[in-house]
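Structure, as structure tokens:
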Amino acid sequence: MQILNTVPDVRVVVKEWRLAGESIAFVPTMGNLHAGHIDLVNKAKVLADRVVVSIFVNPTQFGVGEDFSTYPRTEQADQEKLSTVGADAVFLPSVSDVYDPDAATVITVSGISERYCGAFRPGHFSGVATVVCKLFNIVQPDKALFGLKDFQQLTVIKTMVRDLNIPVQIIPVETVREANGLALSSRNGYLTESEKLVAPELYKVLCAAKAAVIAGRQSFEEIEQQFVKNLVQFGFKPDYLSICRSQDLNPASDNDTELVILVAAKLGSTRLIDNVYFSKGV
Ligand code: PAF
């Protein structure tokens, strides 16, 4: 596996592969790789001749008081995992490799970036869109794979790719969960032993909210309120639990059939997000 630290390093390798007629799949990450990331890499290997993984804890997507400085950095272990799984290259840039000190361009996918997580993390999705656009320009992949756990992030990126005519195919990949339902996340490592026992309730509440939507006996607003209360009873501090149209994440109305329920809630000091998406049928 090639270790690439700078943008010119990536350009040289990508040029060689392109000259050989090879296709490239890309998995952007912030490191601290878990089974969900490895699943993305395995799926990427099936989809292209070459797989590039980036590991970059992107400062512009963290707000003031968030966990940028404490975000788990486990580069050595990550490289070993990527080498074992058979990634072709890992891009490990420093902040100054990615951002020019005079950088003046920011990408904002308006509307969707201000709702749900965006309302609680102002600027977060601009940071994500900007770095992902830059990484696409650096790696120039044919396909890029993103986990469905970050459903809103995926929607922001798909919207950006559409609006800016970026020539990359976005491949959504199912959330990987613990046997108890907890979605894998690098931030799960922040949970205390007692919080780890409660955390799986987040997914159970989502599944119960989905069942309530399908049963159709309550309004969406009533369901949202009821399950926010449930989360509070379990000890979460919910930011939101919202029933949305899965296509564009607008609030869902009764006639919508393709739905996603998005949730974000704090457990102690750890902010967890998750979702369930489904077809309500008519
Ligand atoms: O999902 C993540 O790990 C990050 O938001 C991403 C897409 C790598 C951008 O920094």
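Because the structure is a prediction, the values reported are computed rather than measured.
Hydrophobic clustering, with ILVMFWY side chains joined whenever heavy atoms are under 4.5 angstrom apart, keeps L231 apart from V260. Linking Ile, Leu, Val, Met, Phe, Trp and Tyr whenever their side-chain heavy atoms come within less than 4.5 Å puts Y99 and F125 in one cluster. Under the 4.5 Å side-chain contact rule for hydrophobic residues, Y116 and L202 do not share a cluster.
Partners of E224 according to the salt bridge (charged side-chain N to carboxylate O under 4.0 Å, His left out) rule, which considers only residues two or more places apart in sequence or in another chain, do not exist here. For R11, the side chain to side chain donor-acceptor pair (under 3.5 Å) criterion is met by no residue, not counting sequence neighbours. Under the salt bridge (charged side-chain N to carboxylate O under 4.0 Å, His left out) criterion, D39 pairs with K43, not counting sequence neighbours. Partners of E178 under the side chain to side chain donor-acceptor pair (under 3.5 Å) rule, at least two apart in sequence or in another chain, do not exist in this structure. Take R18 and apply the side chain to side chain donor-acceptor pair (under 3.5 Å) test, not counting sequence neighbours, and it matches D142. Residues passing the side chain to side chain donor-acceptor pair (under 3.5 Å) test with N250 are R115, D248, sequence neighbours excluded.
The ring pair (Phe, Tyr, Trp, His ring centres under 6.0 Å) analysis of residues 70-91, with sequence neighbours excluded, yields the pairs F62-Y71. Note on residues 6-34: pairs passing ring pair (Phe, Tyr, Trp, His ring centres under 6.0 Å), not counting sequence neighbours, are H34-H37. Each salt bridge (charged side-chain N to carboxylate O under 4.0 Å, His left out) pair with one or both residues in residues 198-212, not counting sequence neighbours, appears once here: E201-K204. The salt bridge (charged side-chain N to carboxylate O under 4.0 Å, His left out) pairs that include a residue from residues 72-88 are R50-D88, where partners are two or more places apart or lie in different chains.
Rounding to the nearest 0.5 Å gives a distance of 5.5 Å between CG of L148 and CG of L154. Expressed to the nearest 0.5 Å, how far CG of L259 lies from OG of S246 amounts to 6.5 Å. Residue H124 holds its NE2 atom at 9.0 Å from OG of S113, rounded to the nearest 0.5 Å.
The neighbour count for Q218 CD, taken as heavy atoms of other residues, nucleotides or ligands under 6.0 Å away, is above 12.
Under a 4.5 Å side-chain heavy-atom cut-off, the cluster of Ile, Leu, Val, Met, Phe, Trp and Tyr residues that includes V27 is completed by M1, I3, L33, I38, L40, V41, L47, V51, V53, I55, L82, V85, V90, L92, L145, I171, V173. Clustering of Ile, Leu, Val, Met, Phe, Trp and Tyr side chains at separations under 4.5 Å places V176 together with L184.
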